[in-house]
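These numbers come from the heavy atoms of this one structure, side chains and all, not from hydrogens, waters or symmetry mates.
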Amino acid sequence: MNRPGKSPLNVNKPTVARHGAWASPLSAAALAAASATLGHARSSGGRLFWTESRPGEGGRVALLALGADGRAIEVTPRGFSVRTRVHEYGGIAFAHAGTRLLFCHDADQRLYAMTEGQTPQPLTPPGMRYADGAATADGTHAYFVREDHRAKGEPRNTVVAIDPAHPSAGTILFGDSDFVAFPRPSPDGRRLAFVSWSHPRMPWDGTQLHVGTLSAEGMHGLHTIAGSATESVLEPCWDADGSLYFLSDHGGWWNLHRWHGGSAEQITAFEAEIGAPLWQLGQSSYALLGDRRALVRICRNAIDQLALVDVSSGATEVLALPFVAYRSLGLIDARTAFAIAASEDDLPVLITIDLSSGGFTVVRRPAEPPALPAPLVSRAEPIEFRTVPGPDGEPRSAHAFFYPPRNPAFVAPPGELPPLMVVLHGGPTAHRSNDLHLATQFWTTRGFALVDVNYGGSSGFGRAYRERLRGQWGVVDLADTVAAVRYLIDTGRVDSKRIVIRGGSAGGYTVLCALAFTDVFAAGINYYGVADLEALAADTHKFESRYLDSLVAPLPEGRKTYRERSPIHHLQQMNSALITFQGAEDKAVPPEQSRAIVAAVRARGRPVAYLEFDGEQHGFRRAENIVSALEAELCFLGRVLGFTPADTVTPVPIENLDAA
């Protein structure tokens with residue numbers, strides 16, 4: 001199959017059809033088939049290893065390696081899924097200790113050990129989860145984040161030492177905080193660096209970086225070298241000379257720092273982000289090359305570049321690579337780096353980078369994307385628009401990426417403007433880049449315009465922008481979203497009567513706020529969004545159980561604010577339609593949230609549809625459910641907005657549609 005942007009398109013006289021009714025080559029089934037995703041990449045012994053999801057295999061995550069012939073080899077047997085659920089959002093779930101592979105198996109969350117070609121054997125007992133592991137150079141010791149679920153109440157998160165050759169639960173080295181991350185042994189195996197933080201902070205609020213001395217008795221001489229309640233320190237990485245590098249945002253942006261000889265110094269001073277919010281453990285935004293240089297990801301206004309930085313002088317050389325988003329950076333050898341990279345016209349791929357020439361090679365494409373000729377690809381237009389003033393009354397702006405409808409085989413009737421789909425990312429500290437998303441093209445090729453809003457609170461714009469949402473969730477994100485819509489209406493680009501809003505998780509919360517508190521939107525598409533803030537605070541998992549302290553207010557004193565901003569209590573004036581999707585096993589936003597908002601909209605008499613999928617959690621991983629959800633969205637919008645989709649889709653039951 002041809003990759004997006006590579007095929008010619010032969011178009012005769014365009015067909016006149018309403019926006020939304022255009023025929024597209026991107027079916028829901030094609031998107032599901034192409035939704036195998038790259039997870040995390042690492043190198044060991046000069047070889048490249050990575051995980052990738054398999055929607056067609058029930059969402060299984062396989063571990064693969066690059067063979068000597070350049071082909072991908074599946075390392076883990078088909079009965080195993082390499083996925084951790086620490087913090088529920090997981091992270092890197094494998095590490096090498098010499099010739100042994102250690103990985104967390106999704107089904108029971110135990111660590112398993114194996115040598116390539118042999119059957120994995122359990123290394124740890126049930127009841128605990130493991131993530132973010134790293135081993136000493138000789139492979140005799142490994143260190144992991146462990147989350148112990150054996151007792152009632154909150155699970156306990158600790159740094160543990162694991163003997164790769166002998167089964168055990170691990171020896172606790174540190175457990176004096178609510179959360180830990182990045183346990184990293186020094187090259188000589190004598191010291192261990194790691195990051196910690198405690199409730200109510202999140203890791204992008206404030207963390208501390210510690211270093212301790214390792215011995216046969218455990219770890220001693222622990223001291224804190226960076227971080228505070230208002231400084232986020234992430235990604236410690238040892239250099240061969242014993243220096244410890246890390247990222248800190250004390251200057252307002254995550255920049256590279258170095259600790260050596262008992263003191264720390266700042267290496268880079270970009271007004272841009274090297275790091276990112278720690279939603280998944282084990283992220284890697286830079287790599288030390290061993291020659292006084294570092295390869296770093298630089299994110300400016302949600303668009304990434306890779307650059308080589310001289311750590312002595314700070315001199316920076318941006319690499320001329322055709323990608324706009326990067327993650328999982330690392331080294332295979334002194335001359336070769338790797339990254340997961342995405343571009344404006346292609347899906348994420350695993351690449352290697354020749355550090356001497358700056359050239360790159362695509363070594364893995366997890367799924368062949370459906371054919372999407374270049375004339376059908378809608379490219380992002382970055383927009384910046386005025387939004388509500390800040391607390392000081394000063395004007396400020398927000399950011400988004402706008403995608404116009406694009407399909408040369410069709411044209412709308414004269415005078416018809418396109419409907420607008422407003423897309424909201426989760427987090428809410430995540431952000432959307434301008435790399436290719438087939439789900440975006442699914443709508444733009446059918447005649448929709450689409451805008452990805454990076455509302456205040458999003459990462460990729462510095463700490464001050466991220467902290468606009470402090471105490472203002474449900475206010476700033478909603479105001480910025482409405483401001484983006486008003487900007488596009490005022491510039492004559494979209495139909496003001498056919499505005500749809502779509503989001504998942506935190507983005508789903510803003511969707512529900514938009515329907516409850518404004519009259520801007522004709523319909524909402526809600527994926528496992530928050531309807532009741534107080535119920536979420538009581539029901540959600542440990543990692544986010546105090547997140548609302550900073551996003552809304554501490555409880556119980558903030559209970560009035562929680563009620564004021566919970567959509568479920570404010571549907572009296574709602575006149576929009578709503579479709580909601582939910583995973584039955586979701587621990588981050590439990591199904592009760594979705595069931596409650598659907599019941600409330602039903603009682604309000606507004607059009608409502610609900611699909612709950614067994615076996616799914618916070619995000620859908622099974623191909624059949626991805627197809628069902630996307631086709632249900634299309635059917636729902638066709639009925640609500642008044643167009644007939646060109647696709648043949650299974651009708652979705654919509655309550656109260658005729659009464660509306």
Side-chain angles (χ1 to χ4, degrees), residues 59 61 83-93 104-110 126-132 144-159 175 177-181 195-205 207 277-283 425-430 473 503-509 526-552 554-555 562 566 581-597 612-621:
V61 179
R83 179 181 171 223
T84 176
R85 301 192 195 186
V86 172
H87 296 177
E88 297 301 331
Y89 297 103
I92 194 158
C104 185
H105 177 38
D106 186 30
D108 57 15
Q109 291 296 292
R110 301 167 73 181
M128 289 167 284
R129 305 173 181 182
Y130 297 81
D132 199 10
F144 280 81
V145 172
R146 189 182 78 182
E147 191 173 81
D148 190 343
H149 287 255
R150 292 175 297 178
K152 292 183 178 180
E154 280 195 342
R156 186 185 181 200
N157 295 67
T158 56
V159 173
S177 63
D178 289 318
F179 303 98
V180 290
V195 167
S196 75
W197 70 98
S198 288
H199 290 313
R201 295 189 303 276
M202 300 299 286
W204 43 88
D205 296 328
T207 62
L278 189 64
W279 282 102
Q280 289 199 321
L281 291 168
Q283 68 187 28
H425 63 70
T429 60
W473 195 30
S505 191
Y509 167 66
N526 166 40
Y527 277 79
Y528 34 84
V530 178
D532 186 332
L533 293 172
E534 197 169 358
L536 179 70
D539 294 343
T540 195
H541 56 115
K542 177 185 177 182
F543 179 63
E544 293 182 274
S545 63
R546 299 291 300 279
Y547 192 12
L548 297 188
D549 284 29
S550 59
L551 286 177
V552 183
L555 286 170
Y562 278 61
S566 293
F581 302 91
Q582 178 69 44
E585 298 178 10
D586 193 337
K587 302 298 183 184
V589 179
E592 287 73 20
Q593 290 271 338
S594 290
R595 296 168 189 164
I597 195 68
E612 183 175 307
F613 296 103
D614 292 334
E616 294 286 10
Q617 298 149 35
H618 200 64
F620 299 166
R621 293 175 171 82

When rounded to the nearest 0.5 Å, the distance separating CD of Glu592 from CG of Leu536 is 11.5 Å
Taken in chain and number order and not counting sequence neighbours, the residues that satisfy side-chain hydrogen bond (donor to acceptor under 3.5 Å, both in side chains) with Tyr528 are none
Smallest heavy-atom separation, Asp614 atom then Ala584 atom, equals OD1-CB, 3.8 Å
side-chain hydrogen bond (donor to acceptor under 3.5 Å, both in side chains) filter on Ser566, not counting sequence neighbours, yields none
Those residues at least two apart in sequence (or on a different chain) that pass salt bridge (charged side-chain N to carboxylate O under 4.0 Å, His left out) with Glu616 are none
In terms of heavy-atom contacts, Gly175 and Thr158 come closest through CA-CG2, 3.7 Å
Across all chains, not counting sequence neighbours, the side chain to side chain contact (heavy atoms under 4.5 Å, CB included) partners of His199 are Glu154, Asp178, Phe179, Lys542, Ser545, Arg546
Sorted by chain and residue number, the side chain to side chain contact (heavy atoms under 4.5 Å, CB included) partners of Ala531 (sequence neighbours excluded) come out as Leu512, Ile568, Gln593, Ile597
Hits for ring pair (Phe, Tyr, Trp, His ring centres under 6.0 Å) against Tyr509, two or more places apart or cross-chain, chain-then-number order -> Trp473
_N/O donor-acceptor pair under 3.5 Å between Glu585 side chain and Pro590 backbone_ = no
All heavy atoms of Pro591 vs all of Gly583, minimum pair found to be CG-O, 3.6 Å
CG of Asn157 to NE2 of His87, rounded to nearest 0.5 Å, is 4.5 Å
Salt bridge (charged side-chain N to carboxylate O under 4.0 Å, His left out) filter on Arg156, not counting sequence neighbours, yields none
- prompt: Sub-3.5 Å donor-acceptor pair from the side chain of Thr84 to the main-chain atoms of Gly91, do we have one?
  reply: no
Q. Is there side-chain contact between Cys104 and Val86, with heavy atoms separated by less than 4.5 Å?
A. no
His105 meets the ring pair (Phe, Tyr, Trp, His ring centres under 6.0 Å) criterion, sequence neighbours left out, with Phe80, Tyr112
Rounded to the nearest 0.5 angstrom, the CD1-CD distance for Ile92 and Gln280 is 10.0 Å
When rounded to the nearest 0.5 Å, the distance separating OG1 of Thr540 from CG of Asp586 is 8.0 Å
Nearest heavy-atom approach of Gln582 to Ser594 is OE1-OG, 2.5 Å
Ser177 meets the side chain to side chain contact (heavy atoms under 4.5 Å, CB included) criterion, sequence neighbours left out, with Phe174, Val180, Ser196, Ser198
Side chains of Asp106 and Val61: does their closest heavy-atom pair fall under 4.5 Å? no
The side-chain hydrogen bond (donor to acceptor under 3.5 Å, both in side chains) partners of Tyr547 (sequence neighbours excluded) come to none
Between Glu147 and Pro155 the two heavy atoms that sit nearest each other are CG-CB, 3.8 Å
TODO: Give a yes or no on whether a salt bridge exists between Arg595 and Glu612, defined as a side-chain N under 4.0 angstrom from a carboxylate O.
DONE: yes
Arg85 and Gln109 have their tightest heavy-atom pair at N-OE1, 2.7 Å
The side chain to side chain contact (heavy atoms under 4.5 Å, CB included) partners of Pro203 (sequence neighbours excluded) come to Trp197, Thr207, Leu278, Phe543
Ring pair (Phe, Tyr, Trp, His ring centres under 6.0 Å) filter on Phe613, not counting sequence neighbours, yields Phe620
